[in-house]
Every structure is written in C-alpha cells, then in structure tokens.
There are 2 protein chains.
Amino acid sequence: MISAMNEREFLKQYDKSAFEQPMFSVDNVVLTLGKGELEVLLVKRGEHPFKDCWGLPGGFVDLEKDQSIESTALRKIKEKTGVEPDYIEQLETIGNATRDPRDWSITTVFTALIAKQRCTPTDENVVLANWFAVSELSAMTLAFDHTKIIQRALKRLRDRATYSLVPCALLGEKFTLSELQKVHELILGKKLEAKVFRRRVENSGQFEETGEMTSGRGRPAAYYRLRSGTDAFNFEFIRTV
Amino acid sequence: MISAMNEREFLKQYDKSAFEQPMFSVDNVVLTLGKGELEVLLVKRGEHPFKDCWGLPGGFVDLEKDQSIESTALRKIKEKTGVEPDYIEQLETIGNATRDPRDWSITTVFTALIAKQRCTPTDENVVLANWFAVSELSAMTLAFDHTKIIQRALKRLRDRATYSLVPCALLGEKFTLSELQKVHELILGKKLEAKVFRRRVENSGQFEETGEMTSGRGRPAAYYRLRSGTDAFNFEFIRTV
DNA sequence: TTGATTTAAGGGCGTTAAGCCAATAAGTGG
DNA sequence: CCACTTATTGGCTTAACGCCCTTAAATCAA
C-alpha cells in the first residue's frame, strides 16, 4: 500500500483539488433522559476556535485506531461517557466553507441514545463534559453550527418517535409501557392515547414481557424488554448491546 | 483567515490525528427513467485504482469552486449530464479503511433524480459517461463499493416511493397520474391500485392539473404538475428547479 | 357510422386501523 | 374496608385502505 501522502502527490497529477483536502470530523449528538427532560452531552472546548465554548463531543478520524467513521463516533462517545450507546444512527453530513470560521470543514453527525444510568460519570471529566437539558440550549451559544445540528437531531428523533419505537433506547434494560409512552410524549411534546400506544407496541412485535412487575402506588405494571434476536428497527443504525 | 496547511500544523500540537486526514470525496447515484427500467449514470474511470472500471460520478471537493458538499455534488453531475437534477438528496456517508484498496477513504453519497429528456447527451462524453439499466449491474464489476452504494440508493428510493411522491422527479415538467403510477410500480416492483394511488396524489395536495390532456389511444388523461410554492417533499433535499 | 377496444377516472362497499371514552383490575395508604 | 392511584382492557365511532366494478372518452377497424 502506498502511504497517504504519496497517494495524494500521485493524485495531484490528475486532479489538483485532490490534494487540498478539507478537514473532516465526526460529531455526536448524544441524548439521554434527565428528570422530565431530554438532555444532550456537551464538552467544553479547550482549543480555539470557540475556546471555552460548549460543543458536541467529536473529533477527527484516527487512521490507526479507527476502522470506520462509526468506530470514530463510538470511540469519542466512550471517551466522554465511559460507555457505548444503546443506539447510534448516522444523521447527516454537513460540509461547507462557512461552518468553521477558519476554513472549509466537513462533519458527519451521529445521533446516539443512551440510558442515563448506564453512563459512568467520571469525576475528572465532569468539568469538561456535562449533560444539558435541551431547553437550556436556547440560552447558550455553542461552538460552530452545533445548535442547529442538535435541532436537526431532535427533529429526527421526533420523526422516529412517530413511526418507530426507537426511543426505547433512552430507557434501561426493562421498562413499562407507561414509561415508554411518557418518553414518546416528552419527545413529541404532546399526550398520546394509552390504548393506541399499547396497540402500536404489541403490533410491532419487537417487545416481550419480562414477567416482572413494578411495585409502588397504583396497579403494578408489566415490565417489557426488546425481544432478543429482533432486527429491532427498520433503520440504518448500529446496535451495540 | 489562516491557510489550511498552517491550520493543520497548529492543530497538530493538540491532536496528532488531526494532521493525517483521510481522503474525502462525494459520489452521486444519478437515476433516470429508461425504456421500462431505471437507469443509473456511470463514468469510466481513467485513473487507478479501478482504471477502466465503471463507477459513480463523483470527485473531490474543490475548495475554491465549491461552497458546500452539495455544490460539489451538483457540479460533478453537471459535468457529466450537462444539467442540474430535479431532485437531490443526501443518502449517507461511508468512511472506512477498506473501501479504497489504497488507504482510508470517506465518501458522502447523494441520490439524484432527473428526467431523461432534460439530459443533454454530449457526444464527447458519451464514451466516458453512460446510462446503464440497473438490471445490467449484476453482471458488472464497479469500482470501489459502488455496487453496494447503488443498492442502498435503490432501497432508499423504494422507501420514498412507498410513503412519498418524490419519484415524480423522474418524469418531466408535466405527467399523467398513470405515468406517475407506472414509475412507482417500476420502483416498487409490484402493481398498485389505481384508485388508491389517485387518492394518495390528491390527499398529498402537492399536485395540480395543468388543464392539458393527453391524446392517443384510450380516454385522454389529465396532465398534472408539482404545485408551485409547495415545500414539496418532507425530506432533506435540495430542489434545483 | 357503429361497435370493439383501450385507457382514465370515479363510485360503492367491506375490512382494517386509528382515535376516543369509559369500565375494570390491582396494587398502596389511611 | 374505603379512597386513591396507576395499569390494562372493552367497545364504539370514525377514517383510511384495498378491492371490484361501472362509467367516460378517446382511437381503430370494419
């Protein structure tokens, strides 16, 4: 194999633009469930540009460590949260001359869902990485176009919540249908009919009862889990658990 | 603004991986309607690797000419077909260490739909760029992972055909509902009910009659066109006409 | 001219899914 | 045991979908 730099020198003969490559990075919109609200994982930037601004956890492909851009995304998330997300999906790629004040820049954005209790809050990171309620974001100025990216990720999540049950990845291993319904209501910002929602879950065939029941106030609810071996969601996604 | 190379030198201080960037390109799956079959635009590669193989029209971002990766996609399509497509949509980004035999490589793939009659077949290009029926592809060996990419683009198009009317971009300015239905049947590979299809078109509110009618065998059909000012499709796409 | 043929467009109806409201079930806390 | 809370299900209304058949409006062949 020819080394990357030699390769570019070679290509330069044919196509001058092949040499001057734009910067390529990966960014992640990592979402979890806070107290009654969606939260997004942000990191404080230590370098310019946007030094000391909060921004999405991401970074550059490591040609040695990473086999694919999905690996890059997962690696960066793991560095910040300590775990692999329950669901990750490619959102879109944004590349233009204006999003980075310095120069042309390209980023492939991934949306990841993760159960809050699965995150290990490493103390040393807590000042550099933090969860923010999405409602707080309007009062914050994030790095680059990250505010807009988060909005697009939330829109995609709303779409998913309307015609899929992907948001279950925000809950843990097991959950009740009421909990899942509340998550959907939170994402969609409106109440859903319990009967209709239960029908959706049953007809999907993606879930099964664990046999366990909740305890506490009110009638106990049945716990459900993702049916094992199910190719759970009809989307391009990477299941990591 | 600091130049790109200086920028990379600067970044290198903080993150060594920032310097060694993978190659980034844009590829296009340009689809049109042939005689009773979908056709995809391919170009014969003049350089290694995969020299003399057919592959997707694409290339590298030109930092001077292009304002965004969408511009890159449209520019490359225009170079090959002479026109801008009626519909273009970002499909996905594939980046890994194996798709290019030489080295790490990333490509953002766009799917474009274009009416065949709007393409200007430039004679000088005809040996280098050609339309191929999608059924022919199984007998061909394309460059890189382009065969797989085309399959994914066709799957996306099938998805679109089931819950949207995006495929109308494969027809010209005006078309009858029967023509549109036949396109959908071609994409989906199955017959559709005329009544159901007409209802879908009407309920969408995206189309209007032109007032003109067809002539020829059988009862004349009403011509329809995309309603102007309609934010026609609920997807991330770039309308160029 | 007339009828056969062809394609377009719409009417009618049974089946299925969605939406809505209320009843019932099964716990906890006094 | 009763009040309260939450879960789950029953049943009805309404809308959408699928299917078939009729009608409309042209061409084509005698």
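Model, not experiment: these values are computed from the prediction.
- Across the interface with DNA chain D, nearest-nucleotide mapping of A:Gly218 and A:Met213 shows A:Gly218 to be the residue nearer the 5′ end.
- Residue A:Arg219 has its side chain nearest to C:dA26 when only C:dT7, C:dA26, C:dG12 are considered.
- The interatomic distance linking A:Glu193 (CD) with D:dC12 (P) rounds to 18 Å, in whole Å.
- No side-chain heavy atom of A:Glu202 sits less than 4.5 Å from a side-chain heavy atom of A:Phe207.
- Residues A:Ile77 and A:Glu84 form no side-chain contact, since every pair of their non-hydrogen atoms from C-beta on lies 4.5 Å or further apart.
- Counting only heavy atoms from C-beta outward, the side chains of B:Ile94 and B:Ile106 never approach each other to under 4.5 Å.
- Residue B:Ser178 has no polar side-chain atom (N or O) positioned under 4.0 Å from OP1 or OP2 of C:dT7.
- Of all nucleotides listed (D:dT6, C:dG10, C:dA18), C:dA18 comes nearest to the side chain of A:Arg199.
- A 4.5 Å side-chain heavy-atom check between B:Tyr223 and B:Thr214 finds at least one atom pair inside the cut-off.
- Each of A:Arg200 and A:Pro220 was assigned the nucleotide of DNA chain C with the nearest heavy atom; the assignment lying further toward the 5' end belongs to A:Arg200.
- Atom CD of B:Glu202 and atom P of D:dC17 are 13 Å apart (whole Å).
- Atom pair B:Glu185:CD and C:dT7:P shows a separation of 13 Å (rounding to whole Å applied).
- Backbone-only engagement by A:Ala222 is indicated by non-hydrogen atom pairs under 4.0 Å involving sugar-phosphate atoms exclusively.
- Separating the CZ atom of B:Arg198 from the C1' atom of C:dG11 is a distance of 13 Å, rounded to the nearest angstrom.
- Straight-line distance from the CG atom of A:Asn203 to the P atom of C:dG19: 13 Å, rounded to whole Å.
- OP1 and OP2 of D:dA26 both lie 4.0 Å or more from every side-chain N or O belonging to B:Arg217.
- Remark: the A:Lys195 side chain and the C:dG19 base include no donor-acceptor N/O pair separated by less than 3.5 Å.
- You'll find that the side chain of B:Leu177 is closest to C:dA9, out of D:dT8, C:dG11, C:dA9.
- Going from atom OH of B:Tyr224 over to atom P of C:dA9 covers 6 Å, rounded to whole Å.
- Residue B:Lys116 comes nearest to B:Trp131 through the heavy atom pair CE-CD1, 3.8 Å, listed as atom of the first residue, atom of the second, then distance.
- For the pair A:Leu180 CG and D:dA7 P, the interatomic distance rounds to 13 Å; values are reported in whole Å.
- For the pair A:Lys191 NZ and C:dC21 P, the interatomic distance rounds to 15 Å; values are reported in whole Å.
- Annotation: side chain of A:Leu192 is in contact with side chain of A:His184 (closest heavy-atom distance under 4.5 Å).
- B:Arg99 and B:Ser105 form a side-chain donor-acceptor contact under 3.5 Å, judged by distance and modelled atom types alone.
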Using Watson-Crick or G-U wobble pairs with both distances under 3.5 Å, give me DNA chain D in dot-bracket, 5' to 3', with [ ] for crossers and | for pairs to another strand. ||||||||||||||||||||||||||||||

